[in-house]
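One structure is given here, and the rest of the page talks about it.
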Amino acid sequence: MKIIETLISGLNVGVIYAMIALGYTMVYGIAKLLNFAHGDIIMVGGYTVCVFCAMNASPAFFAVAVLASVAVCILLGVTVERVAYRPLRGASPLAVLITAIGVSYLLQSLAQICFGSAPKYVAVPDLGKVTLGALSIKVSTLITLAASVVVMVALSVFVKYSKTGRAMIAVSEDRDAAKLMGINVNSIITVTFAIGSALAALAGVFYLLQSPYINNTFGAMPGIKAFVAAVFGGIGSIPGAMVGGILLGILEIFGKAYISSQVADAIVFAVLIVVLLVKPTGLFGKNIQEKV
């Protein structure tokens, strides 16, 4: 029974990592940049929920807080893309990477100025537990698992079948050819940032349902672990981000339960090193041969 509970906890954490990793992998696959400020968008979404829950802690109003968090994160993600990244389109990858790190620290510093550095309790509603025989599962865990599956399936269908999704694939494959076909590359990249930011907001909400405390570095470690998940699955691959996040979450929770909670994070990053050594493109990544 303990193994089943541990597996459910691992899936719970894993789908959260997967949602964050989807933001990383979509932005990298389409815009070819690593948005290391992605984790801090999670933090901004978490503080938005914190502010709204301080007004009203009822479950009904919590839905309003979630929608507000998604809206704020989308606006922030689009603004960051427009102000910080678009002017660097065509610049060296190092310049973009340094800018992303700078945006990350800027958001953390602004959050510290506004809310302080001490952890704040977020009055998320207690949804109770469901008992199935000897197995007891939090309702928030079931909501997280169900909502994550719905979001991931919806995203996959959107990318595969919608006009905008097919345009995303075209931009990812060949940006110049996409321009010749009449696709507005800047608009597609903006939409990608908006989707990734919305997923980050939802991931922040699900994190708060499991541990209702937040500070200005709230999204830093989940963001880094989600990046590991994206690399593990094959950065640029949407199925890879999903599978990588779930596998990494399960590995982390089993490491905490059966080895040591102190070395669980070390196990996660050891996986990154092993993957980069054995299969640098990840589980679902493709080797791209450049013609000269």
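All values derive from a computational prediction rather than experimental measurement.
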With no hydrogens and no angle check, do the side chains of Ser117 and Asn216 hold a donor and an acceptor under 3.5 Å apart? no
Do you know the tightest heavy-atom contact between Gly255 and Ile267? CA-CD1, 4.2 Å
What's the shortest heavy-atom distance between Gly45 and Cys73, and which atoms? CA-SG, 3.4 Å
Give the minimum heavy-atom separation between Ala241 and Thr25, together with the two atoms involved. CB-CG2, 3.7 Å
Quick one: do Phe227 and Phe36 satisfy ring pair (Phe, Tyr, Trp, His ring centres under 6.0 Å)? Show the steps, please. CA-CA 9 Å; Phe227 173 70; Phe36 279 112; 5.3 Å; yes
If you draw a 6.0 Å radius around OH in Tyr161, do more than 12 non-hydrogen atoms from other residues or ligands fall strictly inside? no
Could you walk me through whether Lys129 and Val139 pass the side-chain contact (heavy atoms from CB on, under 4.5 Å) check? CA-CA 5 Å; Lys129 294 183 178 181; Val139 173; 5.6 Å; no
Counting neighbours of NZ on Lys32 that are heavy atoms of other residues, nucleotides or ligands and sit closer than 6.0 Å, is the number greater than 12? yes
Please examine the side chains of Ile224 and Phe269, heavy atoms only from C-beta on, and report whether any two atoms are closer than 4.5 Å. yes
Nearest-0.5 Å distance that lies between atom SG in Cys50 and atom CG in Asn215: 11.0 Å
Is there a side-chain contact (heavy atoms from CB on, under 4.5 Å) between Leu76 and Leu107 once you walk through the steps? CA-CA 10 Å; Leu76 176 61; Leu107 293 176; 4.2 Å; yes
Assess whether side-chain contact (heavy atoms from CB on, under 4.5 Å) is satisfied between Met26 and Leu155, documenting all intermediate values. CA-CA 11 Å; Met26 288 184 67; Leu155 180 62; 3.8 Å; yes
According to a 4.5 Å side-chain heavy-atom criterion applied to Ile, Leu, Val, Met, Phe, Trp and Tyr, with indirect links allowed, do Ile3 and Leu145 form part of one hydrophobic cluster? yes
Tell me if the CZ atom of Arg86 is crowded by more than 12 foreign heavy atoms within 6.0 Å. yes
Closest non-hydrogen atom pair, Val15 against Ser148: CG2-OG, 3.5 Å
Is the shortest heavy-atom distance from the side chain of Ile20 to the side chain of Leu199 under 4.5 Å? no
Once rounded to the nearest 0.5 Å, what's the spacing between atom CG of Leu22 and atom CG of Leu202? 11.5 Å
Under 3.5 Å side-chain donor-acceptor pair for Arg89 and Asn186: yes
Inter- and intrachain pairs under side-chain hydrogen bond (donor to acceptor under 3.5 Å, both in side chains), touching residues 174-185, at least two apart: Asn184-Ser187
If you take all heavy atoms of Ala21 and Ala226, which pair is closest and at what distance? CB-O, 3.4 Å
More than 12 non-hydrogen atoms from neighbouring residues, nucleotides or ligands closer than 6.0 Å to OH on Tyr105, yes or no? no
Could you check if a side-chain atom of Met242 sits within less than 4.5 angstrom of a side-chain atom of Met19, using non-hydrogen atoms only? no
How many angstroms lie between CD1 in Ile16 and CG in Leu11, if you round to the nearest 0.5 Å? 11.5 Å
Ser69 versus Val205, closest heavy-atom pair with distance: OG-CG2, 4.4 Å
Working to the nearest 0.5 angstrom, can you tell me the gap between Ile143 CD1 and Asn12 CG? 11.0 Å
Parallel, tilted or perpendicular, judged at 30° and 60°: which one describes the rings of Phe115 and Tyr47? parallel
Tyr207 side chain reached by Ile214 side chain, heavy atoms, under 4.5 Å: no
Are Phe193 and Tyr85 an aromatic pair, judged by ring center distance below 6.0 Å? yes
